Chemist: 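What follows is a structure written as structure tokens; I'll ask about it next.
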Amino acid sequence: MIIILHADATNEQKVAVIAEVERQGYRPHPIFGEHLTVVAVVGKHPGALREYFESLDGVDRVVLIDQPYKLVARAERPHLRFTVGRDTVVGGDKLTVIAGPCSVESEEQMTACAEAAKASGAAMLRGGAFKPRTSPYAFMGLGEEGLRIMAAAREATGLPIISEVMDPRQVELCARYLDMLQVGARNMQNFSLLSEVGKAGVPVMLKRGMAATIEDLLNAAEYIAAQGEERILLCERGIRTYETATRNTLDINAVPVLHRQTHLPLCVDPSHAVGVRELVGPVACAAAAAGADALMIEIHPDPATAKSDGAQALTFDMFEKLMRRLDRIPRYDYTDEHVG
Ligand code: PEP
Ligand code: MN
């Protein structure tokens, strides 16, 4: 259930409601918005508890959540905004662009990408150190050395870094280096991995599985939130359909649908959705126009020599042009309240 406090509830009343939730044996999940405070309570609630919470000072009403996912359900929660690294905002008024190569290949390649990303206005840096590859003989990434190279790129540019973690045994190592952990499409329903990243103390990007429904995605996010990590950025990266003209099919519908279903912010990854560099720009613009909170875009200093996903990597020049186009695109305004 979600306890919604009055807009003018005092701090004392908020604290008292949260304490009362704890006293009743539940773990409170408060969200403090600019205009609204809500407290999520998960567990088996006897019917009387709803009435009891509703009678507390400062409480406006209590809403029950019908969905199987509770902590990530929108209910009447304000749209979530959180900070990654020192001061990169996700879910705020500005589009957050995450850019970088598919794989970290070398210090020179990563430094070049980091500088280009920063110069064009990206807010976060990506790069794969542990790569999920379809063939077991393909380049698997540089592992910890890749994480070290990414940390050096953060040092040089000040941009926070995100990279994929593929295995529960890598979570602790990755969390030591990274500002945000990425769970890839192929691992969206790796429940032991989801639980482990939920305990790492680092915000998480969760990518939609290529054959997952939106409800599957939200249930997967609930596994992370249930472990205490509620700073989750969902990512629509295209799903498998019968269409073969592009690598995947971007489900643009996911943008407004997720906006209604969850308070979590949403990233769109046009690179993996289309798989062809010439198509990345228009699809990125469509995602921004639909109201995505963030974009993840692959770039490379020399896409022809990239060790993975070269066909979809933008050159630095293309990325710069795309960023200037994105500046001119008004994002769909859902006129939401944001919380910090
Ligand atoms: C990636 O971001 O490099 C990646 C492997 O993406 P996905 O998990 O969406 O395929
Ligand atoms: Mn890739």
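Atoms within a ligand are numbered from 1 in the order they appear, just like the ligands themselves. A quick note: this is a predicted structure, and the numbers were derived from the prediction, not measured. Reckoned from all heavy atoms, side chains included, excluding hydrogens, waters and symmetry mates.
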Chemist: So, is D269 polar-close to ligand 1, with some N/O to N/O distance under 3.5 Å?
Modeler: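 No, since none of the N or O atoms of D269 sits under 3.5 Å from an N or O of ligand 1.
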
Chemist: Can you check the angle at the Mn ion (ligand 2) formed by NE2 of H272 and OD2 of D309? Round it to the nearest 10°.
Modeler: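 Centred on the Mn ion (ligand 2), the NE2/OD2 angle is 90° (to 10°).
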
Chemist: So, is E164 polar-close to ligand 1, with some N/O to N/O distance under 3.5 Å?
Modeler: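 N/O-N/O distance under 3.5 Å: no.
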
Chemist: Judging by distance only, is a nitrogen or oxygen of A185 under 3.5 angstrom from one on ligand 1?
Modeler: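 A185 vs ligand 1: N/O contact under 3.5 Å present.
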
Chemist: For Q13 and T10, indicate whether the former's side chain and the latter's backbone hold a donor-acceptor pair under 3.5 Å.
Modeler: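 Pair found, side chain donor or acceptor close to backbone of T10.
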
Chemist: Looking only at atom types and distance, does a side-chain atom of S271 sit under 3.5 Å from a main-chain N or O of E298, one as donor and one as acceptor?
Modeler: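 Yes; at least one donor-acceptor contact below 3.5 Å.
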
Chemist: Among V84, I98, V183, find the one that has a side chain to side chain contact (heavy atoms under 4.5 Å, CB included) with M205.
Modeler: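 The single option meeting the side chain to side chain contact (heavy atoms under 4.5 Å, CB included) with M205 is I98.
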
Chemist: Starting from the Mn ion (ligand 2), look over the N/O/S atoms of E298 and name the nearest one.
Modeler: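 Restricting E298 to its N, O and S atoms, the minimum distance to the Mn ion (ligand 2) goes to OE2.
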
Chemist: Hey, are E320 and R324 close enough for a salt bridge, meaning a charged N less than 4.0 Å from a carboxylate O?
Modeler: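 Here E320 pairs with R324 in a salt bridge, since their nearest N and O are under 4.0 Å apart.
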
Chemist: Scan L233, I224, V165, L194 and name whichever one has a side chain to side chain contact (heavy atoms under 4.5 Å, CB included) with V204.
Modeler: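 Only one of L233, I224, V165, L194 forms a side chain to side chain contact (heavy atoms under 4.5 Å, CB included) with V204, namely I224.
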
Chemist: Decide whether the shortest distance between a heavy atom of R126 and an atom of ligand 1 is less than 4.0 Å.
Modeler: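 Under 4.0 Å: yes for R126.
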
Chemist: Have a look at ligand 1 and work out which part of M210, if any, has a heavy atom under 4.0 Å from it: side chain, backbone, both or neither.
Modeler: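 No part of M210 is near ligand 1 at this cut-off.
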
Chemist: Please determine if R237 has a nitrogen or oxygen closer than 3.5 Å to a nitrogen or oxygen of ligand 1.
Modeler: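 In this structure, R237 places an N or O atom under 3.5 Å from an N or O of ligand 1.
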
Chemist: Please report the shortest heavy-atom distance between E107 and A152, naming the atom on each side.
Modeler: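 In this case the closest contact between E107 and A152 is OE2-CB, 3.8 Å.
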
